[in-house]
Amino acid sequence: MSELHRHLRTVARTALETLGLTAEQADAGLRLEPPKNKDHGDVALGAFQLAKAAGKAPPAFAAELAQRIPADDVIASATAAGPFVNFKFRRSALARDVVTAIAQSQAPYGPAAANGQTVCLDFSSPNIAKPFHIGHMRSTVIGNSLRRIHRHLGATVHGINHLGDWGMPFAKMMTAYMHWGNEQELAKAPMRYMFELYKRYSNEVKTNPGLDDEAARHFQALESGQDNQERRMWQFLRDESLKAFQGPYDRLGVTFDHITGESFFEDKMAAAMARVTAAGVLEKSEGAEIVDLKAQGIKAPCLLRKSDGTTLYHTRDLAAVFYREATFHPTRILYVVGAEQKLHFDQLKAVLQKMNEPIAAAVEHVPFGLVLSKTADGNWEKFASRAGNAVFLDEILDEAVAKVRQIIRDKNPDLPDADRIAEQVGVSAIVFNDLKNSRIKDVKFDWDSMLNFDGETGPYVQYACARLASILRKAEAPVPTPEQVDWTCLEDAERVLLTMLEFGTAVQRAADQSEPSHVTAHAIALAGEIHSYLRDHRVLDAEPPVRAARLLLVDAARRVLTTGLFLLGIPAPERM
RNA sequence: GCACCCGUAGCUCAAUUGGAUAGAGCAUCAGACUUCGGAUCUGAGGGUUGCAGGUUCAAGUCCUGCCGGGUGUGCCA
């Protein structure tokens with residue numbers, strides 16, 4: 001909360017107490033929000049709850065409340081409008097409070113002090129026997145952003161890449177490699193080569209179902225824990241895959257705190273199963289071991305051991321929960337995994353609840369929508385790697401980068417280091433697009449709109465940053481300090497200031513709802529406001545006091561935009 | 001069949017979780033000191049928020065029933 005809001009709350013609480021409300025009632029009803037219509041004021045208070053607590057009609061109560069809030073050196077006015085009380089800050093106080101906080105990197109504009117939360121963030125988690133394509137990007141960039149957001153807010157964050165390096169998919173890849181694999185071919189282009197193997201297996205298994213049985217035998221052999229051919233093959237393929245993934249991760253600027261795949265829990269599953277058994281919730285059914293969840297409202301039981309004795313996805317996730325609980329003591333465990341796996345995580349949580357494990361409350365699925373591609377007749381359909389039409393992430397990024405490179409050639413031919421900038425801007429365009437809308441919405445992947453860099457896009461926000469940086473460069477002097485600035489010179493910047501004031505709310509909401517799009521939306525809004533401001537307000541040729549104040553404003557906007565982009569995992573180039 | 005998700009302007013999406021006159025971008029049209037960076041800005045047109053009920057002082061938001069699209073649904077992950 002900003003100083004402005006804190007002051008407003010204090011004054012309002014005092015006024016409410018003189019109107020006969022208790023401190024608790026005042027706090028509960030004191031919901032200060034930006035009004036929908038900017039003309040109403042800077043902050044709005046709907047007096048419905050408060051009026052109810054006071055036993056009065058909302059409009060009458062709002063009028064009384066407004067009357068008891070005097071103007072002071074921060075509050076310019078409090079006026080009642082029907083059941084609302086609208087507040088306006090003094091412009092100079094608004095400027096001083098917001099810009100000073102930004103200049104000094106105070107929270108929320110800079111990193112906050114520890115907030116006592118520990119967040120385990122399970123994201124990206126590709127199946128390392130499959131190609132890393134556009135579909136894998138969503139979990140990766142959403143998780144990467146959430147990791148930065150929580151860290152910014154003062155949480156201890158464990159970003160975990162829960163690699164799919166165990167189980168049947170991996171056994172199938174192993175089987176394919178044993179039949180047709182060639183080490184030299186693999187070394188040339190590991191990702192693509194594995195994809196070829198994957199496709200070949202998928203094709204051949206149609207006419208030769210025995211392949212799946214073979215894969216199952218290999219998995220049993222692998223899970224036996226003995227040092228055998230399967231284990232060596234597993235180690236080899238895992239190492240190669242990890243090397244191959246590093247490329248996309250580097251380009252996207254993604255890092256992890258732990259790379260512990262499913263295989264990491266190999267030796268922890270027996271204890272997990274023992275714990276489930278001890279809780280008395282494990283049953284035998286049709287040769288398998290299950291937890292019945294009907295009492296928890298889920299019809300499908302959770303399978304923890306197959307009739308052939310091997311374990312499942314659920315078994316490993318359960319072991320992972322226990323491990324994380326013991327190792328990290330998390331307050332939240334977030335799984336950034338596609339919406340199609342909702343049932344899986346509902347079951348996981350339900351099993352923990354049935355076991356009376358308190359950690360169940362921390363388990364939270366963070367689902368997201370599919371990536372759809374446009375068909376010839378204008379409809380949207382799922383990207384299907386099975387059909388062999390997987391689009392490799394690299395190809396998409398390359399295409400975007402090439403487009404940016406061309407725009408630079410057209411508009412800014414003298415830009416130094418153009419290739420590096422094109423990489424930054426092009427990759428960001430794709431990432432930004434993925435984080436722009438609510439997670440749960442499907443991402444419509446359409447080349448034309450993807451490569452249109454006008455409007456609400458990554459390049460739009462980066463362009464604003466570059467423009468601001470350019471002005472600061474041309475000032476050829478250090479940015480003024482807050483002490484040097486006459487705040488009355490920024491009274492015309494209210495739209496920019498009020499937008500920057502909202503930054504903390506946007507970040508907090510993003511963390512609470514696991515929804516990076518709130519940060520994206522804020523960055524777009526601020527970029528728009530500063531662009532508009534610069535149209536009518538010259539900086540460099542203004543009178544000295546005005547120039548100094550505006551320079552500091554420009555620097556503040558640049559900092560907030562840069563931080564916002566950082567929280568999305570996107571760089572802010574000084575030139576582009 | 002059952003469960004869950006989505007449905008808002010021609011298209012893609014917002015709407016601070018129940019609050020004031022539902023807002024942006026794209027596309028279309030009309031404009032902007034010969035640019036402190038035009039990847040920008042200003043403006044215009046464009047809406048029965050899928051349909052029908054209900055709860056409430058107040059519903060795009062909550063409840064019920066439909067319609068349309070999607071995802072999932074015991075030995076994959």
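Every chain is numbered from 1, with letters handed out A, B, ... down the list of sequences.
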Given that A:Ala527 and A:Leu534 both sit by RNA chain B, which one's nearest nucleotide is further toward the 5' end?
A:Leu534
Side chain of A:Ala44 (C-beta onward), nearest among B:A39, B:G74, B:A20
B:A20
Base, sugar-phosphate alone, or nothing: which one does A:Gly167 contact when heavy atoms must sit under 4.0 Å apart?
sugar-phosphate
Around atom CZ of A:Arg238, are there more than 12 heavy atoms of other residues, nucleotides or ligands at under 6.0 Å?
yes
Tell me which nucleotide among B:U73, B:G74, B:C36 gets nearest to the side chain of A:Leu540.
B:C36
Remember a base hit wins even if backbone is also touched, and classify A:Ile524 as base, sugar-phosphate or nothing at under 4.0 Å, heavy atoms.
nothing
Can you see if the side chain of A:Arg535 gets near the phosphate of B:C36 - specifically, an N or O under 4.0 Å from OP1 or OP2?
no
Over all strands shown, is A:Ile471 touching base, sugar-phosphate only, or nothing at heavy-atom distances under 4.0 angstrom?
base
Can you check the distance between B:U16 and B:U61, where both ends of the measurement are the C1' atom (answer in whole Å)?
13 Å
Does A:Asp122 reach the side chain of A:Val336, with side-chain heavy atoms less than 4.5 Å apart?
no
If you look at every strand shown and take non-hydrogen atoms under 4.0 Å, does A:Pro83 touch a base, only sugar-phosphate, or nothing?
nothing
Tell me if the side-chain of A:Thr457 makes a donor-acceptor pair with the base of B:G25, cut-off 3.5 Å, by modelled atom types.
no
Close aromatic pair by centroid cut-off 6.0 Å: A:Phe265 and A:His162
yes
Rounding to an integer number of angstrom, what distance separates B:C13 and B:C6 when you compare their C1' atoms?
13 Å
Which nucleotide in the list B:G72, B:G74, B:G37 gets nearest to the side chain of A:Glu286?
B:G74
Side chain of A:Ser428, backbone of A:Gly458: donor and acceptor closer than 3.5 Å?
no
Sort out for me which residue in A:Leu343, A:Leu293, A:Leu318 forms a side chain to side chain contact (heavy atoms under 4.5 Å, CB included) with A:Cys302.
A:Leu293
Reckon A:Glu574 touches a base, only the sugar-phosphate, or nothing at all at heavy-atom distances under 4.0 Å?
base
Side-chain heavy-atom pair A:Val425, A:Phe453 within 4.5 angstrom cut-off:
no
If anything within 90° of 0 is syn and all else is anti, what is B:U17?
syn
Are A:His40 and A:Phe84 an aromatic pair by the rule of ring centers under 6.0 Å?
no
In this structure, how many angstroms lie between the C1' atom of B:A77 and the NZ atom of A:Lys306, rounded?
11 Å
Note on RNA chain B: ranges paired as stems (three or more Watson-Crick/G-U pairs in a row, both atom distances under 3.5 Å) are B:1-7 with B:67-73, B:10-13 with B:23-26, B:28-32 with B:40-44, B:50-54 with B:62-66
Quick one: which of B:U71, B:U21, B:A15 gets closest to the side chain of A:His518?
B:A15
Would you find more than 12 non-hydrogen atoms of other residues, nucleotides or ligands less than 6.0 Å from A:Arg495 atom CZ?
no
If only side-chain N and O atoms of A:Ser532 are considered, is one of them under 4.0 Å from the OP1 or OP2 phosphate oxygen of B:U42?
yes
Does A:Lys172 make a side-chain N or O approach to OP1 or OP2 of B:A77 shorter than 4.0 Å?
no
Side chains of A:Met174 and A:Phe219 in contact at under 4.5 Å (non-hydrogen atoms)
no
Proximal nucleotide (of B:C36, B:G37, B:A39) relative to the A:Phe453 side chain
B:A39
Could you tell me whether A:Ser470 contacts a base, only the sugar-phosphate backbone, or nothing, with contacts defined as non-hydrogen atoms closer than 4.0 Å?
base
So A:Gln341, base contact, sugar-phosphate only, or nothing? Heavy-atom distance under 4.0 Å.
base
Under 4.0 Å, counting only non-hydrogen atoms across every strand here, what does A:Ala466 touch: a base, just sugar-phosphate, or nothing?
base
With heavy atoms under 4.0 Å as the rule, sort A:Ser449 into base, sugar-phosphate or nothing.
nothing
According to a strict under-4.0 Å criterion, is A:Arg538 in side-chain N/O contact with OP1 or OP2 of B:C36?
yes
If the cut-off is 4.0 Å, is A:Tyr463 near the phosphate of B:A39, judged by side-chain N/O to OP1 or OP2?
yes
What I want to find out is whether A:Asp512 reaches A:Arg509 closely enough, with some N-O distance under 4.0 Å, to be called a salt bridge.
no
Distance in angstrom units between A:Glu515 CD and B:C13 P, rounded:
13 Å
Categorize A:Arg316 for me: base, sugar-phosphate, or nothing, with a 4.0 angstrom heavy-atom threshold over every strand shown.
sugar-phosphate
What is the separation between atom NZ on A:Lys38 and atom P on B:A20, rounded to the nearest whole Å?
13 Å
Scan A:His314 against the nucleic acid and name what it touches under 4.0 Å (heavy atoms): base, sugar-phosphate only, or nothing.
nothing
Is there aromatic stacking of A:Phe48 on B:A58 here, judged by a ring-centre distance under 5.5 Å and a plane angle under 30°?
no
Expressed in angstrom and rounded to an integer, what is the separation of A:Leu304 atom CG from B:C76 atom P?
14 Å
Answer yes or no: is there an ion pair linking A:Lys342 with A:Asp346, defined by an N-O contact shorter than 4.0 Å?
yes
Can you tell me the distance, in whole Å, between the OH atom of A:Tyr313 and the P atom of B:C75?
16 Å
Would you say A:Tyr460 places a side-chain N or O within less than 4.0 Å of OP1 or OP2 belonging to B:G37?
no
Between A:Arg31 and B:U17, is there a side-chain N or O to OP1/OP2 distance below 4.0 Å?
yes
Pairwise 5' ranking along RNA chain B for A:Ser517 and A:Ala288, keeping only the more 5' one:
A:Ser517
Derivation and outcome, side-chain hydrogen bond (donor to acceptor under 3.5 Å, both in side chains), residues A:Asp317 and A:His344:
CA-CA 10 Å; A:Asp317 262 340; A:His344 169 83; 2.8 Å; yes
Decide yes or no on side-chain hydrogen bond (donor to acceptor under 3.5 Å, both in side chains) for A:Ser263 and A:Asp165, but give the supporting numbers first.
CA-CA 6 Å; A:Ser263 65; A:Asp165 60 356; 2.7 Å; yes
Base, sugar-phosphate or nothing for A:His40? Non-hydrogen atoms, less than 4.0 Å.
base
Under 4.0 Å between any heavy atoms, over every strand shown, what does A:Ile290 touch: base, sugar-phosphate, or nothing? Just pick one.
base
Any donor-acceptor pair, under 3.5 Å, between the side chain of A:Asn86 and the base of B:A20, if you only look at N and O atoms?
yes
Can you measure A:Phe84 atom CZ to B:C57 atom P for me and round it to whole angstrom units?
16 Å
Review item, nucleotides 1-12 of chain B N/O atoms under 3.5 Å of protein N/O:
{"unit_1": "B:C2", "atom_1": "O2'", "unit_2": "A:Lys299", "atom_2": "NZ", "d": "3.4"}

Between CZ of A:Arg467 and C1' of B:G38 the distance, given in whole Å, is 9 Å
Verdict with reasoning, A:Thr311 to A:Arg316, per side-chain hydrogen bond (donor to acceptor under 3.5 Å, both in side chains):
CA-CA 8 Å; A:Thr311 60; A:Arg316 294 185 277 283; 2.9 Å; yes
Please state how far atom CG in A:Asn37 lies from atom P in B:A14, giving the value in whole angstrom units.
22 Å
What contact category does A:Asp541 fall into here, base, sugar-phosphate, or nothing, at under 4.0 angstrom with non-hydrogen atoms?
nothing
